[in-house]
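In this chain, numbering begins with 1 at the start of the sequence shown.
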Amino acid sequence: MAADGEAAALEFTPTWIVAAVCSLIVLLSLVAERCLHYLGKTLKKKNQKPLFEALLKVKEELMLLGFISLLLTVFQGMIQRTCIPEHWTFHMLPCEKADEKANEAATTEHFVAVGTLGRIGRRLLSEGAAEAEHCHKKGRVPLLSLEAIHQLHIFIFVLAITHVIFSVTTMLLGGAQIHQWKQWENGIQKDAPGNGPKKVTHVRHHEFIKKRFKGIGKDSKILSWLHSFGKQFYRSVSKSDYTTMRLGFIMTHCPGNPNFDFHRYMVRVLEADFKKVVGISWYLWVFVVIFLLLNVNGWHTYFWIAFLPLFLLLAIGTKLEHVIAQLAHDVAEKHTAIEGDVIVKPSDEHFWFGKPRIILYLIHFILFQNAFEIAFFFWILSTYGFDSCIMGQVRFIVPRLVIGVVIQLLCSYSTLPLYAIVTQMGSCYKKEIFNEHVQQGVLGWAQKVKMRKGLKGAAAASKNESTINADSAGPSVKIEMAKAEGEDVEVVGNTG
């Protein structure tokens, strides 16, 4: 019998232990699956299709996580039997390499000290030593030890869970901030003007223009950018900003519906974008690999990269505020007085490379990188302890944590609300401008027309097929029905 029963294989393990452990694992898995299932049903009942799709995205990430873990488990033997020259392991180390025996003793002591099942730690070391014997006979060392593979399992799991939690938290806090604008929308709907005479508005005296144009940045681009930088930290979106941008959007994209619920449209767009933010794209995994590569002792890589998302977040907030300032400048420079309200002209030219969508990808990267920083900290803390060399010195740890908290709060309460409203000031609008029932109705009706045409023969079907054409020159939506024998369906619009 092996000492302490550590080497007992499954064939020598009591069946009641195997059954009990399997039952517990299956029970926990079923509870988690049922919770996600009922959450999905609740979202579908409330017609929250974007959030339901985001939930499906989370399930995909969990499945990918499980597949990565499975691959590490299946190929751990192959990885350990892959031998490399020992001198290859002397370069690009996250910690200075100590004496092998002292390092093994320290690792065993750590497992016991932190209470992480010392027997498991000793078994990992003993099994790793047994597998490593294959390479030692050749005068080489294994590519990756069993203990390192086990710790890599934990890191990937912690990273994925932390990213999902951070993304959901950001969307909830940002959504709560945007929900406060609902009272502005209700007030506008309630005080909608009638058909009476329009008053003359002196542009420079309008509140929106005064805050964004007069006196600050009127003659200096540098002052305008500095004002935009500071504006993101306090009242990033005021009532006059919301009212003016709302009117500009309506007059550009749906002038026939002055009572359009702009707030509800923004919320639908934000819910749809959440599906993108909550996922972990392939380029983010590349980012993880690159910074794992650069985690070299003495470089303090994880301290310096903590500033990257902060600088990006500040740049995005400044740019979004500057877009609002540009909208005000365009009106103030062209008009002295106008009849009616001040109307801004949305345009893609105000955004980087003429693509408002770029900002969403940057926010996605920022949230992931911030989650990566926090996940890495807690993984090191739980695995190696606070005094580990890989953790770094206190003067490098505290700023990283402070920056992580600042990013989370600033993104939630300022940048995300700015993104939600300012990116609607592009030349195009999103398909979420139609509610779910209208989208399904138009698509279903078009499908029925195509089916009827199919019964008339292949020639008639090719001549009278339904077309959906996105016309960037005219963003209004028009549904035309030809009552002739070969009726056509044409939807013209800029759906983004």
Side-chain angles (χ1 to χ4, degrees), residues 61 155-156 158-175 177 225 228-233 236 270 273-296 299-323 351-353 355-381 391-392 395-420 422-423:
E61 297 301 332
F155 172 69
I156 293 175
V158 171
L159 174 60
I161 297 301
T162 304
H163 173 62
V164 171
I165 293 175
F166 271 47
S167 299
V168 172
T169 302
T170 302
M171 286 296 175
L172 289 177
L173 296 177
Q177 185 77 359
W225 280 102
S228 298
F229 174 80
K231 189 68 173 65
Q232 64 181 309
F233 299 108
S236 56
L270 191 63
D273 290 340
F274 177 62
K275 178 178 64 175
K276 174 66 179 177
V277 172
V278 79
I280 305 180
S281 303
W282 64 269
Y283 52 85
L284 296 179
W285 286 113
V286 172
F287 168 83
V288 171
V289 173
I290 291 175
F291 283 102
L292 287 176
L293 174 67
L294 298 178
N295 182 31
V296 179
W299 289 13
H300 305 295
T301 305
Y302 291 102
F303 172 75
W304 297 114
I305 67 171
F307 291 94
L308 177 60
L310 180 62
F311 290 153
L312 283 177
L313 192 65
L314 294 176
I316 290 173
T318 304
K319 178 61 178 176
L320 292 174
E321 289 285 357
H322 193 255
V323 169
F351 297 90
W352 287 315
F353 307 104
K355 296 183 181 296
R357 192 73 174 173
I358 291 178
I359 296 177
L360 176 64
Y361 292 100
L362 292 177
I363 292 178
H364 187 198
F365 173 80
I366 289 169
L367 291 177
F368 177 81
Q369 205 279 332
N370 194 45
F372 174 79
E373 280 283 321
I374 302 300
F376 188 81
F377 169 79
F378 283 108
W379 173 65
I380 295 298
L381 183 64
M391 176 70 78
R395 68 174 184 268
F396 294 113
I397 298 173
V398 175
R400 285 168 54 187
L401 296 178
V402 172
I403 290 174
V405 174
V406 170
I407 290 174
Q408 189 70 21
L409 295 177
L410 184 61
C411 187
S412 300
Y413 290 107
S414 177
T415 309
L416 190 64
L418 273 172
Y419 163 81
V422 177
T423 52

TODO: Before giving the answer on side chain to side chain contact (heavy atoms under 4.5 Å, CB included), spell out for Val288 and Phe155 the whole-Å C-alpha distance, their side-chain angles and the decisive distance to 0.1 Å.
DONE: CA-CA 11 Å; Val288 171; Phe155 172 69; 4.2 Å; yes

Looking only at heavy atoms, what is the nearest atom pair of [X] and [Y], with distance?
{"X": "Leu270", "Y": "Ala420", "value": "CD1-CB, 4.5 Å"}
{"X": "Phe351", "Y": "Val422", "value": "CZ-O, 3.3 Å"}
{"X": "Thr423", "Y": "Pro356", "value": "CG2-O, 4.1 Å"}
{"X": "Phe303", "Y": "Pro399", "value": "CE1-CB, 3.8 Å"}
{"X": "Thr162", "Y": "Ala375", "value": "OG1-CB, 3.7 Å"}
{"X": "Leu418", "Y": "Leu320", "value": "CB-CD1, 3.7 Å"}

Task: Short side-chain donor-acceptor distance under 3.5 Å, Gln177 and Ser412 - done: no

Open item on the list: If only side-chain N and O atoms count, and only distance matters, is there a donor-acceptor pair under 3.5 Å linking Gln232 with Thr415?
Closed with: no

TODO: Carefully, step by step, assess Leu360 and Lys355 under the rule side chain to side chain contact (heavy atoms under 4.5 Å, CB included).
DONE: CA-CA 10 Å; Leu360 176 64; Lys355 296 183 181 296; over 6 Å; no

Quick one: pull up [atom1] in [X] and [atom2] in [Y] and give me the separation to the nearest 0.5 Å.
{"X": "Leu308", "Y": "Gln369", "atom1": "CG", "atom2": "CD", "answer": "5.5 Å"}
{"X": "Phe365", "Y": "Phe372", "atom1": "CZ", "atom2": "CZ", "answer": "10.0 Å"}
{"X": "Ile359", "Y": "Leu312", "atom1": "CD1", "atom2": "CG", "answer": "12.0 Å"}
{"X": "Phe274", "Y": "His364", "atom1": "CZ", "atom2": "NE2", "answer": "10.5 Å"}
{"X": "Phe229", "Y": "Thr318", "atom1": "CZ", "atom2": "OG1", "answer": "5.5 Å"}
{"X": "Ile366", "Y": "Leu416", "atom1": "CD1", "atom2": "CG", "answer": "11.0 Å"}

- [ ] Taking the six-membered ring for Trp and the single ring otherwise, decide whether the centroids of Phe291 and Phe376 are under 6.0 Å apart.
- [x]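 Between Phe376 and Phe291, which both carry aromatic rings, the centre distance is not below 6.0 Å.
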
Task: side chain to side chain contact (heavy atoms under 4.5 Å, CB included) between Tyr361 and Tyr283, intermediate numbers included - done: CA-CA 11 Å; Tyr361 292 100; Tyr283 52 85; 3.6 Å; yes

Open item on the list: One pair to check against side-chain hydrogen bond (donor to acceptor under 3.5 Å, both in side chains): Thr170 and Gln408. What are the steps and the verdict?
Closed with: CA-CA 7 Å; Thr170 302; Gln408 189 70 21; 2.8 Å; yes

TODO: Say whether, by atom type as modelled, one donor and one acceptor occur between the side chain of His163 and the main chain of Ala371 under 3.5 angstrom.
DONE: no

Open item on the list: Closer than 3.5 angstrom, by distance alone: can the side chain of Ser414 be matched with the main-chain N or O of Phe233 as a donor-acceptor pair?
Closed with: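 Between the backbone of Phe233 and the side chain of Ser414 there is no qualifying donor-acceptor contact (under 3.5 Å).
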
Open item on the list: Checking Glu321 against Ser236 for the side chain to side chain contact (heavy atoms under 4.5 Å, CB included) test, could you report, in this order, the C-alpha distance in whole Å, the side-chain angles of both residues, the deciding distance, and whether it holds?
Closed with: CA-CA 7 Å; Glu321 289 285 357; Ser236 56; 3.3 Å; yes

Is the shortest side-chain heavy-atom distance between [X] and [Y] below 4.5 Å?
{"X": "Ile374", "Y": "Leu401", "result": "yes"}
{"X": "Lys319", "Y": "Trp225", "result": "yes"}
{"X": "Ile156", "Y": "Trp285", "result": "yes"}
{"X": "Phe166", "Y": "Ile161", "result": "no"}

TODO: Could you tell me whether Trp304 atom CH2 has more than 12 heavy atoms of other residues or ligands within 6.0 Å of it?
DONE: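 Open: at most 12 neighbouring heavy atoms sit under 6.0 Å from CH2 of Trp304.
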
